[in-house]
Chemist: 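Can you keep this structure in mind? I'll have questions shortly.
Order of appearance sets the numbers: ligands from 1, and atoms from 1 within every ligand.
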Amino acid sequence: MTSSLPAEPAIAADAPLLFFDSGVGGLTVLDAARALLPDAPIVYAADFAGLPYGEKSEAEIAARVPALLGRLVERYRPRLITIACNTASTIALPQVRAALDLPIVGTVPAIKPASEQSRSRVIAVLGTEATVRQPYVTNLAREFASDATILRFGAPELVRAAEMKLRGEVPDPAIFDRAVAGLVSQERAVAIDTVVLACTHFPLVQDELARAFGRPVTFVHGAEGIARRIAYLTRGQSFVGNGLRFVATGPAGDIVPYKPVLEARGFTSFDTL
Ligand code: DGL
């Protein structure tokens, strides 16, 4: 006798891809994903009420992120979730995967591609304070860059600077100088040739960081790799455009200063969770 497995229920063509970050940093991942999947319906969720994650404890993040994602799944029924946040991914991916029966794509420091590029074998990892202290980072370094020196620095001010920039404000240039100083004051820093932007907010201020370095370094982040992973996991699925929706925790008024950059990206609907 033969038996066959029940067919997988078809994924609704209007089921969105859900992107999640503490703030607007995950837009750097969204931009890369939209370049590959321009027709995908999108929900972008920003946990403004919880920002910044980089200054929270592991326990807070591990409890908060799966709970919020659970509420977002109930409301939006996404086909896939991208945690577009290194801090949340390096801490809470196991809890999220255990709680939700959906494909979950995480964002982790791009040490592997950085190692493939670095010639000097001195690689900097610039992230939030919570990310740079994670064993996850040590394990990535051990697995993909065991012959390299990895210099880490947690720069929470850069998160605030990136958020300011997207609100149309001009961050104090001293913020970028301080972030770079945190790296270049470390032993062997003179040989840094590659800088991992291990926070999704940081590519938003890459030009300012490059200026503060004052010498050529290569910046590496994971957005394109994550976009390829999302495209692979959704291969063969149909997408019916349902627009771009933005949802944030906290008061609705907190979204207002970001509307110009969000509308320029094609967001048409704004909501709170
Ligand atoms: N965008 C987040 C990341 O990639 C963190 C920002 C925050 O501190 O909330 O780590």
Chemist: Do the charged groups of Glu129 and Arg152 touch, with an N to O distance under 4.0 Å?
Modeler: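 Looking at Glu129 and Arg152, the cut-off is not met.
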
Chemist: Give a yes or no on whether a salt bridge exists between Glu143 and Lys112, defined as a side-chain N under 4.0 angstrom from a carboxylate O.
Modeler: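 Between Lys112 and Glu143 there is no salt bridge, as every charged N stays at least 4.0 Å from the carboxylate O atoms.
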
Chemist: Output yes when Arg64 and Asp47 qualify as a salt bridge under the 4.0 Å nitrogen-oxygen rule, no when they do not.
Modeler: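 Result for this pair is yes, salt bridge flagged.
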
Chemist: Whether Arg160 and Glu55 form a salt bridge (side-chain N of Lys/Arg under 4.0 Å from carboxylate O of Asp/Glu) is what I want to check.
Modeler: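 Salt bridge flag = yes for Arg160 with Glu55.
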
Chemist: Between Asp193 and Arg119, does any side-chain N to carboxylate O distance fall below 4.0 Å?
Modeler: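 Arg119 and Asp193: not salt-bridged.
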
Chemist: Which N/O atoms of ligand 1 sit under 3.5 Å from a protein N/O, and at what distances?
Modeler:
unit_1: ligand 1; atom_1: 1 (N); unit_2: Asp21; atom_2: OD1; d: 3.0
unit_1: ligand 1; atom_1: 1 (N); unit_2: Asp21; atom_2: OD2; d: 3.4
unit_1: ligand 1; atom_1: 1 (N); unit_2: Thr200; atom_2: OG1; d: 2.9
unit_1: ligand 1; atom_1: 1 (N); unit_2: His201; atom_2: ND1; d: 2.8
unit_1: ligand 1; atom_1: 4 (O); unit_2: Asn86; atom_2: N; d: 2.8
unit_1: ligand 1; atom_1: 4 (O); unit_2: Asn86; atom_2: ND2; d: 3.3
unit_1: ligand 1; atom_1: 4 (O); unit_2: Thr200; atom_2: N; d: 2.8
unit_1: ligand 1; atom_1: 4 (O); unit_2: Thr200; atom_2: OG1; d: 3.2
unit_1: ligand 1; atom_1: 8 (O); unit_2: Tyr53; atom_2: N; d: 3.2
unit_1: ligand 1; atom_1: 8 (O); unit_2: Gly54; atom_2: N; d: 2.8
unit_1: ligand 1; atom_1: 9 (O); unit_2: Ser22; atom_2: OG; d: 2.6
unit_1: ligand 1; atom_1: 9 (O); unit_2: Tyr53; atom_2: N; d: 2.6
unit_1: ligand 1; atom_1: 10 (O); unit_2: Asn86; atom_2: N; d: 3.4
unit_1: ligand 1; atom_1: 10 (O); unit_2: Thr87; atom_2: N; d: 3.0
unit_1: ligand 1; atom_1: 10 (O); unit_2: Thr87; atom_2: OG1; d: 2.6

Chemist: Using the test salt bridge (Lys or Arg N to Asp or Glu O under 4.0 Å), find all partners of Glu263 that sit at least two apart in sequence or belong to another chain.
Modeler: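 With neighbours one apart ignored, the set is empty.
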
